[in-house]
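Input: a single structure, listed below in structure tokens.
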2 protein chains.
Amino acid sequence: MARRSDHTREELKESVFNAAWTIVAEEGFEALTARRIAKAIGYAPGTIYNLYDSMDDLYLQMNSKTLDLLYDRLSLFARASSKDEAAQNMKKMALDYMHFADENRAFWLMLFNLKVTEHRSDAGWYHDKVERLFLPLEQLLTPFYGDSQIKERKIATRILWSSVHGLCFLQETDKLILMTNQSSIEEMVNILVETFLRGIA
Amino acid sequence: MARRSDHTREELKESVFNAAWTIVAEEGFEALTARRIAKAIGYAPGTIYNLYDSMDDLYLQMNSKTLDLLYDRLSLFARASSKDEAAQNMKKMALDYMHFADENRAFWLMLFNLKVTEHRSDAGWYHDKVERLFLPLEQLLTPFYGDSQIKERKIATRILWSSVHGLCFLQETDKLILMTNQSSIEEMVNILVETFLRGIA
DNA sequence: CACCATAATGAACGATGTTCAATATTTATC
DNA sequence: GATAAATATTGAACATCGTTCATTATGGTG
């Protein structure tokens, strides 16, 4: 039996989380099971349930971290001092979203594993984190709207964000296979953003 | 033991399919199990495996039907005799896509259940059915492009299709909750199409 | 040292998809 | 019509899953 003085409760919870993270990173989401985690940290399966309510609870925590990482990435492009720069950064941001999805495929896909969303995510802190993802883009769209058009700007933000996401999603799940030309997906993102900005001008 | 002369092999396969379809329609995707189907048609679980290679095989057949139904719906708006009518029909088509997703939520969500796509879908007939979904929209976009811009038109089709899908997906998975205003999602689809068309003009 | 709170355990439960020897039914042969 | 071959159907069994909880091991306290 594992000794319990080796670590605090919080440290153990963290090591469960880290083990889970590594498993998904190295072997994909399908490999993430309670017994697999227990084996990785040298504990019994039951121990995990002393720290997390359920596996869904753990998934939710992992998604939370993924959302944080994504937010941090998108935030890097949020500042712009001119309309032109804003437009350029929007393209960079959209491209970076795709790259993030590509580099962190397993974690990104977990975000859309519906069982987790059905979990009703306690109170709404999870939804708040999702909502927060819109902010960097909304900031870039500010110069394109007047002070009295806050609602229009919010709507435009969500439309463009969803559009880029849709493109990314269909691409990443192999439903967009267009030409043999590999770069065409990045070309499409650029066209999307350019067309959208031309449309709201 | 169920008598085997009650039906041909093909009829039995069909009744498995229909039972599965009903279960998903009435109880959702989570309720769809081999034993549940067997119970519904009065056969043993093993029988299903005489007709389908695996449950994934069955899922794939069900997705195939969903894709057919969706294609039929979108096709209704594919014809237009003027640029204006084409633009109007594009909005109708986009809205209808959302309504389809809403009315057939469980089946529509099954399309994006990744385990199915990972199934690598024999040879490519499945991907062909996905590709076919772009055709109605591509037809409506024809008047907006010249004969020498076939590639541009194809790309635009996929961008707009993905965008509408992205909006629909985030809406249907409760990630877009904007205002209390329920109709705003339909408003967003309209704005999306209008903005896009203005952008390519 | 004895006591107690609690951390850790792992067998057990009810599910899942899937397999396959055994059995029931139909068809073919004499 | 009786018997043999072919085939459809079965359902117990296997490995796996998330989850529970009585039992056991551990660490701190009086």
Side-chain angles (χ1 to χ4, degrees), chain A residues 1-21 23-24 27-63 106 110 113-121, chain B residues 1-17 19-20 23-24 27-63 106 110 113-121:
Chain A
M1 185 177 279
R3 329 200 89 231
R4 59 176 151 170
S5 55
D6 288 350
H7 37 65
T8 67
R9 182 184 165 86
E10 211 51 45
E11 284 170 348
L12 184 52
K13 187 167 184 176
E14 212 174 298
S15 83
V16 166
F17 185 92
N18 291 335
W21 195 267
I23 289 168
V24 171
E27 304 168 46
F29 175 64
E30 287 77 11
L32 185 61
T33 70
R35 287 172 180 81
R36 182 75 187 69
I37 296 171
K39 192 178 165 191
I41 62 172
Y43 275 77
T47 298
I48 295 168
Y49 289 84
N50 296 337
L51 306 161
Y52 293 91
D53 291 344
S54 64
M55 287 299 282
D56 268 5
D57 185 22
L58 175 58
Y59 300 157
L60 205 64
Q61 300 304 324
M62 296 179 75
N63 279 351
M110 273 182 74
N113 223 37
L114 300 174
K115 278 164 210 153
V116 176
T117 49
E118 275 170 359
H119 191 269
R120 275 295 157 227
S121 50
Chain B
M1 184 179 278
R3 326 202 90 229
R4 59 176 152 168
S5 55
D6 287 351
H7 36 65
T8 67
R9 182 184 165 86
E10 211 50 45
E11 284 170 346
L12 184 53
K13 187 167 184 177
E14 212 173 298
S15 83
V16 167
F17 184 92
I23 289 167
V24 171
E27 304 169 46
F29 174 65
E30 288 77 11
L32 185 61
T33 69
R35 287 171 180 81
R36 181 75 188 69
I37 295 171
K39 192 179 165 191
I41 61 172
Y43 276 76
T47 298
I48 294 168
Y49 289 84
N50 296 336
L51 307 160
Y52 293 91
D53 291 344
S54 65
M55 287 299 283
D56 268 4
D57 185 22
L58 175 59
Y59 300 157
L60 204 64
Q61 301 304 324
M62 295 179 75
N63 279 351
M110 273 182 73
N113 224 37
L114 301 173
K115 279 164 208 153
V116 176
T117 49
E118 276 170 359
H119 191 268
R120 276 292 159 228
S121 50

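In what follows, every chain begins at residue 1, and chains take the letters A, B, ... in the order their sequences are listed. Scope of the values below: all heavy atoms of this structure, side chains included, with no hydrogens, waters or symmetry mates.
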Could you tell me how far apart [X] ([atom1]) and [N] ([atom2]) are, to the nearest whole angstrom?
X	N	atom1	atom2	answer
B/Y49	C/dT16	OH	P	11 Å
B/Y52	C/dT18	OH	P	14 Å
A/M55	D/dG18	CE	C1'	8 Å
B/D57	C/dG17	CG	C1'	14 Å

Mutual orientation of the aromatic rings belonging to A/H7 and A/Y43 [parallel < 30°, tilted 30-60°, perpendicular > 60°]: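 Rings of A/H7 and A/Y43: tilted, 30 to 60°.
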
Using the test ring-ring contact (aromatic ring centres under 6.0 Å, His included), find all partners of B/Y49 that sit at least two apart in sequence or belong to another chain. none

Mind checking what makes ring-ring contact (aromatic ring centres under 6.0 Å, His included) contact with B/Y52, not counting sequence neighbours? none

Which letter, B, S or -, goes with each nucleotide of nucleotides 7-17 of chain D from 5' to 3', with contact meaning a protein heavy atom under 4.0 Å? BSBBB-B---B

Flag side-chain contact, heavy atom, 4.5 Å: B/T47 against B/L12: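 A side-chain contact under 4.5 Å exists here.
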
A side-chain contact here means heavy atoms from C-beta on lying under 4.5 Å apart; do B/N113 and B/Y59 qualify? no

Give me the one residue out of A/E14, A/E10, A/K13 that meets side chain to side chain contact (heavy atoms under 4.5 Å, CB included) with A/L51. A/K13

